Amino acid sequence: MLTIPKLLNHCENIAGLTIAELAKKHKVDLNTNNKGIIGQLLELELQTEAKNKALPDFIDLGVELKTIPVNDDFKPLESTYVSMVSFNNMPRWSKSFVRLKLLKVLWIPILKKKNIHTSEICYPIFKELSLEDEYILSKDYEELCEIITFGDEPRAHLGKFMQVRPKALNSKIRSTSNNEIRHPLGFYLRSSYTKKIFNNFI
DNA sequence: CAATGATCATAC
DNA sequence: GTATGATCATTG
């Protein structure tokens with residue numbers, strides 16, 4: 001049975017590998033424009049369960065896997081996608097998928113080099129949501145949801161740790177929700193939040 | 001040079 | 001088409 005210590009151990013064992021090395025093991029072609037290729041490679045290696053469900057990657061453990069690019073100072077370079085905004089179902093924070101996914105996150109920093117092949121897998125950071133952070137995230141979430149429920153689209157500058165941004169194949173994509181036609185949106189963690197987590201860890 | 005809005009690939 | 005994995009590229 002998979003446990004969190006086993007999972008962390010697995011991650012520690014592959015820390016230091018380059019993306020090319022891991023890709024070779026799984027016979028994955030890195031010559032693609034697939035922006036999610038590194039995340040999918042780690043899913044293969046760690047054998048995640050959730051696939052494209054709106055659940056944490058390791059369902060039984062309630063652990064969400066996130067790869068995130070970092071620079072030489074271990075500073076996150078990008079925001080982090082959490083989940084889609086579900087217009088038809090806007091639960092309160094306590095019942096939300098966002099909360100469920102963020103309760104336990106296994107962060108795998110990827111030391112980003114000019115070339116994806118030589119980018120390196122770093123030591124994992126396992127982080128459970130602190131009460132302080134949860135309070136702020138819940139406020140962000142409720143504020144953003146209120147705007148969405150009203151029928152508006154929150155601007156990306158709203159939210160201290162979490163924001164709402166477009167999430168689609170392209171800007172022309174629309175999704176239907178009840179009787180409305182809306183621009184698909186996703187919840188994202190700001191890099192200021194992940195920076196804070198990583199700083200506290202070091 | 002960080003932030004926002006746009007976009008890429010793939011599974012189902 | 002909707003979800004997953006995200007990063008890209010233009011702007012301020």
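All chains are named by letter (A, B, ...) in the order of the sequence lines, taking the proteins before the strands, and each is independently numbered beginning at 1. This structure is a prediction, so every number in the text was calculated from the model and none was measured. Both backbone and side-chain heavy atoms feed into the values below; hydrogens, waters and symmetry mates do not.
We find that CD1 of A:Ile37 is positioned 16 Å from C1' of C:dC8, with the value rounded to whole Å. The CG atom of A:Asn34 sits 7 Å away from the C1' atom of B:dC8 (whole-angstrom rounding). Between the CD1 atom of A:Ile110 and the P atom of C:dG5 there is a distance of 14 Å, rounded to whole Å. What separates CE of A:Met84 from C1' of C:dG5 is a distance of 13 Å, to the nearest Å. As a whole-Å value, the separation of A:Ile173 CD1 from B:dG5 C1' is 15 Å. As rounded to whole Å, 13 Å separates atom C1' of B:dG5 from atom CZ of A:Arg190. Rounded to whole angstrom, the span from the CG atom of A:Leu111 across to the P atom of C:dT7 amounts to 13 Å. What separates CG of A:Leu185 from P of C:dA6 is a distance of 20 Å, to the nearest Å.
Closest approach to the A:Ala54 side chain among B:dT10, C:dT4, C:dA6 is made by C:dT4 (side chain taken as heavy atoms from C-beta onward). Looking at the side chain of A:Ala156, the nearest of the listed nucleotides B:dG5, C:dT4, B:dT10 is B:dG5. When distances are taken from the side chain of A:Arg165 to each of C:dG5, B:dA3, B:dA6, the shortest belongs to B:dA6. With B:dA9, B:dA6, B:dT4 as the candidates, the nucleotide lying closest to the side chain of A:His183 is B:dA6. The side chain of A:Arg155 sits closest to B:dG5 out of B:dG5, C:dC8, B:dA9.
A:Asn34 and A:Gln40 share a side-chain donor-acceptor pair at under 3.5 Å. Side-chain polar atoms of A:Glu21 and A:His117 form no donor-acceptor pair below 3.5 angstrom.
Evaluation of atom-type donor-acceptor distances gives no pair under 3.5 Å for the side chain of A:Tyr188 against the base of B:dA3. For B:dT7, its base sits under 3.5 Å from the side chain of A:Lys35 at one donor and acceptor pair at least.
Within 4.0 Å (heavy atoms only), A:Gly39 reaches sugar-phosphate atoms of the nucleic acid but no base atom. If you check every strand for non-hydrogen atoms under 4.0 Å, A:Asp57 touches sugar and phosphate atoms only. Among the protein residues, A:Pro69 comes within range of the sugar-phosphate backbone only, with heavy atoms under 4.0 Å from sugar or phosphate atoms but none that close to a base.
Residue A:Asn170 places no side-chain N or O under 4.0 Å from the OP1 or OP2 atom of B:dA6. Side-chain nitrogen and oxygen atoms of A:Thr67 include at least one within less than 4.0 Å of the OP1 or OP2 phosphate oxygen of C:dA6. An OP1 or OP2 oxygen of B:dT4 is reached within less than 4.0 angstrom by a side-chain nitrogen or oxygen of A:Gln163. Distances shorter than 4.0 Å separate none of the side-chain N or O atoms of A:Lys167 from OP1 or OP2 on B:dT4. OP1 or OP2 of C:dG5 lies within a sub-4.0 Å distance of a side-chain N or O belonging to A:Lys66.
With respect to A:Arg182 and A:Glu153, no salt bridge is recorded, no charged nitrogen being found less than 4.0 Å from a carboxylate O.
Where A:Lys75 and A:Leu169 each meet DNA chain B at their nearest nucleotide, the meeting point lying more 5' is that of A:Lys75. Comparing A:Glu64 and A:Lys112 by the nucleotide of DNA chain C that holds the closest heavy atom to each, the one mapping nearer the 5' end is A:Glu64. Projected onto DNA chain B by closest heavy-atom contact, A:Pro154 and A:Leu77 fall at different nucleotides, the more 5' of which corresponds to A:Leu77.
The aromatic rings of A:Phe198 and A:Trp107 lie perpendicular to each other, with more than 60° between the two planes, well past the 30° mark.
Nearest heavy-atom pair, A:Gly62 versus A:Lys104, reported as atom, atom and distance to 0.1 Å: O-CB, 3.4 Å.
Legend: residues meeting side-chain contact (heavy atoms from CB on, under 4.5 Å) with A:Glu146, ordered by chain and number and at least two apart, are absent.
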